[in-house]
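Worksheet for the structure shown next.
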Amino acid sequence: MDSSPNRKSSSKSVSQVQAQATEAMAEPVQLRMTKRSDLLDDIARMPDFMVALRPHTVWEKTPVKLFCTVQGNPRPIVKWYKGGMPIDPPSTPGKYKIENKYGVHSLIISRYVAPSTPRDCSPTEFCFPFRSSVPHLTDIHPSKLEVSFLDRFPVSFGVEGSSVSLVCTMVVVPDLPNLPPHAQWYRDDKLLKPGKLVEMAVGGSAASLTLPHLAKDDEGLYTVRIFTKDGTTEHSAYLFVSDAPPSAAGAPGAPMSVKAYDINSDYVLVAWKPPNTVNEAPIAGYFVDRCEAGSDTWVQCNDAPVKVCKYPVHGLSVGRSYHFRVRAVNSAGISRPSRKSDKVTAIDAAENERLQGTDEGSRRTREEPPQPTDVHASEIYKSFVVLSWKPPSPRGRAPLWYVIDKCLAGTGAWQRINTAVKLHSPRYPVYDLQDGQKYQFRVYSVNMHGSSEASAPSEPIQKVDQDGVPSAPGQVVATRNTKTSVFVQWEAPKHLKHLMGYYIDGRVVGSKDWFACNHKPFKHTRFVVHGLIPGESYVFRVQAVNVFGLSEESQESTPISVEPALGEIPNYVHTVTTPSSPFGITLLSCDGSSMTLAWKSPKHCGGSKVNAYYISKPRHIISSLKTPILCLQVDNLTEGTFYEFRVQAANMAGVGPPSSPSAPMKCVAWTAEVPGPAYDLSFSEVRSHSLVILWKAPVYTGASAVTGYFVDMAKKDSSEFVTLNEEALKHRYLQVSGLEEGQFYVFRVRAVNAKGVGKASQLSEPVCARALPGTKEIVAGVDEETGDIYLSLEACEICETSKFEWSKNYKPIGDCPRLAVTTKGRTSRLIFTNPDKDDLGRYSVVVTDTDGVSSSHTTLIVFVFFILMFFLNLLCSSEHHAGAQPFIPLKHGLNYEVLEKGHVRFWAQAVKLSPAVSYRFIVNDKEVTSGEGHKFSHDVATGIVQMTVDQFTRANEGTYTVQIHDGKAKAQSSLVLVGDVFKAALKEAEFQRKEHIRKQGAHFSEYLYFTVTEDCTVLLTCKVANVKKETTLHWYKEDDEIVPETPPNVMSGACALPLPLFSRKDQGVFKAVLGDDRGKDTSTIDISGKGQILFIRICFTMNKKYEEGISMNFPCRESKIASSEKMRIGGTAEMAWMQICDPSDKEKGHYTMEIFDGVTTHTRTFDLSGQDRGRVVGGLPDVVTIMEEKSLSLTCTVWGEPTPEVTWFKNEQEVTCNEHTKVTFDGGKFASLVINKVTPDDSGKYSINVRNKYGGEFVEITVSVYKHGEQIPEPKLGHPKMATATPAATPATTPMPPKSPAPHSKTPTPTPSKPQTPAPSVKSPTPTPKSPTPTPKSPTPPRSVKSPTPPRFMKSPTPPRK
């Protein structure tokens, strides 16, 4: 009985113990269960289908979607196969699309095509790594990236010779720095490859194409294609390339698309496309030039212009590579050369096979070749005929050439036509065929063993243009497209005749001048003309193009106004994407429960305006703004808590990506007494040396109101800030000047109140001090019809969504009854319908959305005009508003003119004035009176009112206004003389003032100039004035005084310094110093040989003196020449001469001098036609000796028109360039052969062959090399003395150009002390490269010096003084 309570207590204790034990075990069990679940997640599981693929039956060419769901650990990688082959979407763009969303894998086939096998897709295959618990991803291919465009390159315009870049920005997911997307660029659907003329880059979230040297060949439709996970995404836009300024006014544009076809061992057929001629004269023909690869020397191939866009180039050197270019010719001149063609090598495929022994005739030895076959004309034109034939087969191993005979069809009288030229290719151009005659040709094959039989005669061939230009295109229809473009389409010509394309021209209605819409033939019959002025009316016409040129113009289209098409979505809408993320989130104010935030707008708006912003903190969207402001107050925050914020921008395409999180911001109330930071820094009026910065007032003002601002500036990446204003600014803008052009700057703003200077704003974005190309300024004027004053701007750039936003003192102009804004096309006007003194201020206009990037300051074109008109006395009365007062018409508004002594005259001219007229002048809002340095006067007869300022200084900068009252009529005119215009006027005034002071003493009335006397003495001449007996004149050359034999007589009014036997030694700067006790005056002249060819003098020496009864005539081209300023004729008793001043191509020809002594007429002729054979005119000896290990340089001057070809030989073998021997031909004049470290093996007979189409010359030189220590060998008796070569320490250089012409001679002469050159001749169409040492030419110094005249509006007649 006693034990029962004990048992109960013991059982209770056991149950408690068990419960405690159970609770103690539960915790580790639960912990282990949790760990077990985690371990289960780490256990590798084989991949398996949860939902497998199912069969599908679909119609052909309809889309089909295949789905499956898989599981496995790690996550399996799914690959799709078709017929056992992996499916690669990029290889078939648009065909397949593979997706993986939430574990569901899908394959979308856009257009199913029944395969040859019964099954289209096999089961998916899984790749599963077992070696690691972390999934191993395979290498990512660029085509697996998700890519979407942000900004696309627009329609672009360029000029020949400039550069252009086409850039597309994009968002890449994932954005891997080492794995950029795969991009391809196309021009007119042809894939482009990187090279010297095309540069491509992908990276940094952008794909770019740069064309560094634009030519019209680059014009076309450019497409960028990006390979993405879903296939491809692409964008296209047109690039227009206009002609560069012509070499001569009215000359045509350059040809384009130069290519070489039918390449053989010594023959190439060159073809090109003709340029468009809009307002120029028709093209008369083309010149074709060739240049060996690696050389800059261009040689003209044809003597006369060829009229078709094809030309056979013959006479090439076998195995050498060439480039070709083409120039167009019309009555005004020669065009710029085209872009050179790709390199081609003159080699015959059949000859290559023969050298390799692969042809069937390789075993033929010592046998005459078979005859050629199939002789025919491959090209028939009125200018030339190209004969073609098939080479003999088999042809043998011996070198083969051809001989051609021709005869009139049916006569049998054969005549050989290539007696002097060996033909190595089965092509030959024939030019000398008579018009209207038919010819037959036959060809022989010739080798070293003999000649073949003649080939069968060709069919009769007649030289004639078979096709001609196409007929004119049909009806042209223009329809609206966008605000700046028009869609033009037309009917194709009835007779195409191998059509190349079309040229489209346009003109403004009412104008006579046409402009080219495209500069490269366009192949289709529809075209979009871009770059038109909105609201303007145009008409268009079309021309067809082929190898013969341009067709007749089509009929003009009906006029059309440039406006967006009705009911059509503008082009820019189709390319709109979401904007990029904002950035630069900053805190402006905090009161403990709310924060005011600011941020910077996105760098890319996606092609549409940003219309909303969304602000969020982690897991919460706080607020949204439906207006594009950059500031927001965030409420309902907890004090003392840190917050991070993100901002998203939205446009019509949607919401863009969020910004990066801001720095953690603590919600604590601001208690500082100084102001908070300013924000939203922006820029306008960005020029090369100045800009205007604007900002918004701080939200937190501190203990008192903001009283001003300080602006700090620093160069980009620099921490050294400079405060730009000494005193605090009252307004929120500042014009910054003194910037370096092209330099980047950053700015910050600090607000000021009564307690001090507050916190600085966030740094602005870097801004470059450079004005946009084509920037124009605002102009002011008066409407002739209404008399209203207006400000006008013509924008240099505009797009469909652009708007003109006018502001006053950088505040938007609201609804004001006194102001009105009108816009037409690119021009906007701000009209002062009823001006008042309250309208004084700084006016600016902004053209928005000019580049489609962003609406921030970085994308605005801003123009400003600082207007300080004094309207009060003219326009404040109510009578003027009612139109009761008459208006005085003005012939000319207020202008200025700089007078002698530096006085400046301001004048205006009315149509009519009465004697009762009164007027006043107002300068910078202050009325000035006559006297005090200002003199007023007027003339009723001429209607001129004027004010003369005696001392014009920097204080006179500003706005000048004249107000005229004549009875009840009034008139007012203003002149703004500030900035560069004022500086130019001040500069001229100071110059005139100095000139007046200079002329008070002895001075030069005419500065130094030179003349050449009949005995070839150069006279440096000057004229002096206001001299006296004590005045002296001293001569200097390069600061060294020259004492002439005869002292200068200044009292005669003219002084001269003779320079007899003028030579290169006399080059330099000459100076004359005139002076006395009143001061000095100096005149200089530079005779350094850098001027132009001044004259050509033709002299003839007479053996007999005709002192009486002699008459001279100079007939040229069968016409008599009379002495004039251009052609000066003179002579002495022993010499007659004619001098041609400023020679040009017009003076080419044969000149004859006729001397009549009363009994007999004596004639002498001189050829200035430029048709000179190639020859050596000086510089080479007969014999040269040189010690071994020295360098030998054989240099000579050659001449010929056209430029000759030069070949060097050693022992009758052609010399080639290598490390030991170097051959150069500089400037078409100086030929050199340099042998480095000569050896006895270099001894021998050297020769140079100089030849052009008119002939040539062959000169020989004997070179002897002796060893060190040996005596120099003496020349044998009867031989000319040998010239000892001077060792060259450095490689031979081009000799200095000679001073005087050398006589024509075929005999080589010893090296003269000074090199010689032929007399200068007129230029030919043959292109000649620039020589590194151009021939010195005498400059023509100015006979007087003009003052730097600033731009003036107009001069008027000076009224008589009263």
Side-chain angles (χ1 to χ4, degrees), residues 146-154 167-173 175 204-206 233 235 570 572-588 595-635 643-663 665 677 679-683 694-696 699 761-767 799-803 805 846 848-860:
E146 294 183 4
V147 182
S148 58
F149 285 130
L150 279 178
D151 287 331
R152 298 164 169 81
F153 56 88
V167 182
C168 271
T169 59
M170 51 194 173
V171 175
V172 182
V173 179
D175 189 4
S205 299
T233 181
H235 168 67
Y572 67 91
V573 175
H574 297 289
T575 59
V576 170
T577 59
T578 58
S580 60
S581 58
F583 62 100
I585 302 175
T586 184
L587 181 61
L588 300 181
M595 291 181 176
T596 302
L597 305 177
W599 56 90
K600 295 181 180 179
S601 59
K603 293 184 177 180
H604 306 283
C605 68
S608 175
K609 288 185 177 181
V610 175
N611 52 30
Y613 287 99
Y614 294 89
I615 298 89
S616 62
K617 61 181 181 179
R619 297 183 299 276
H620 295 284
I621 295 180
I622 301 173
S623 181
S624 63
L625 289 175
K626 296 302 181 181
T627 56
I629 62 175
L630 304 177
C631 178
L632 176 70
Q633 179 175 321
V634 182
D635 299 319
Y643 292 92
E644 292 181 353
F645 300 94
R646 295 175 182 262
V647 183
Q648 293 174 272
N651 61 7
M652 62 183 302
V655 181
S659 65
S660 299
S662 66
M665 301 176 183
Y679 70 101
D680 195 14
L681 276 63
S682 60
F683 301 96
L694 305 97
W695 60 90
K696 292 183 179 179
V699 176
S761 68
Q762 194 176 30
L763 286 183
S764 69
E765 288 296 295
V767 59
C799 71
E800 291 84 350
T801 59
S802 296
K803 293 182 179 180
E805 297 180 355
V846 174
T848 62
D849 299 335
T850 53
D851 55 8
V853 176
S854 173
S855 60
S856 70
H857 64 272
T858 59
T859 64
L860 300 180

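Under the 3.5 Å distance criterion, the side-chain polar atoms of S659 are matched with a main-chain donor or acceptor of V647. Put simply, the side chain of Q648 gets close to the backbone of G656: a donor and an acceptor are under 3.5 Å apart. Between the side chain of S581 and the backbone N or O of P657, no donor-acceptor pair lies under 3.5 Å.
Taking SG of C168 as the reference point, atom CG of D151 lies at 8.5 Å (rounded to 0.5 Å). Here the CG-CH2 distance, from L681 to W695, works out to 8.0 Å after rounding to the nearest 0.5 Å. Summarising the geometry, atom CE belonging to M665 is positioned 9.5 Å from atom CD belonging to E644; distances are rounded to the nearest 0.5 Å. With rounding to the nearest 0.5 angstrom, the CG atom of D635 is 11.5 Å from the CE atom of M595. Distance check, rounded to the nearest 0.5 Å: CD of E765 to NZ of K600 gives 4.5 Å. If you take CG on D680 and SG on C631, they are separated by 9.0 Å, rounding to the nearest 0.5 Å.
Closest heavy-atom contact between P602 and A649: CG-CB, 3.6 Å. The two residues S660 and I585 come nearest to each other via the heavy atoms O-CD1, 4.2 Å. Across every non-hydrogen atom of S601 and F583, the tightest pair is O-CE2, 3.3 Å.
When each of T596, I615, L597 is checked for a side chain to side chain contact (heavy atoms under 4.5 Å, CB included) with L632, only I615 meets the rule.
Taking the side-chain contact (heavy atoms from CB on, under 4.5 Å) definition, one finds that A598 meets it with T586, L588, Y679, sequence neighbours left out.
Annotation: side chain of S662 is not in contact with side chain of Y643 (no heavy-atom distance under 4.5 Å). Proximity of V171 to V147: side-chain heavy atoms (C-beta onward) are nowhere separated by under 4.5 Å.
In summary, the aromatic rings of F645 and W599 are positioned with their centroids too far apart to meet the 6.0 Å limit.
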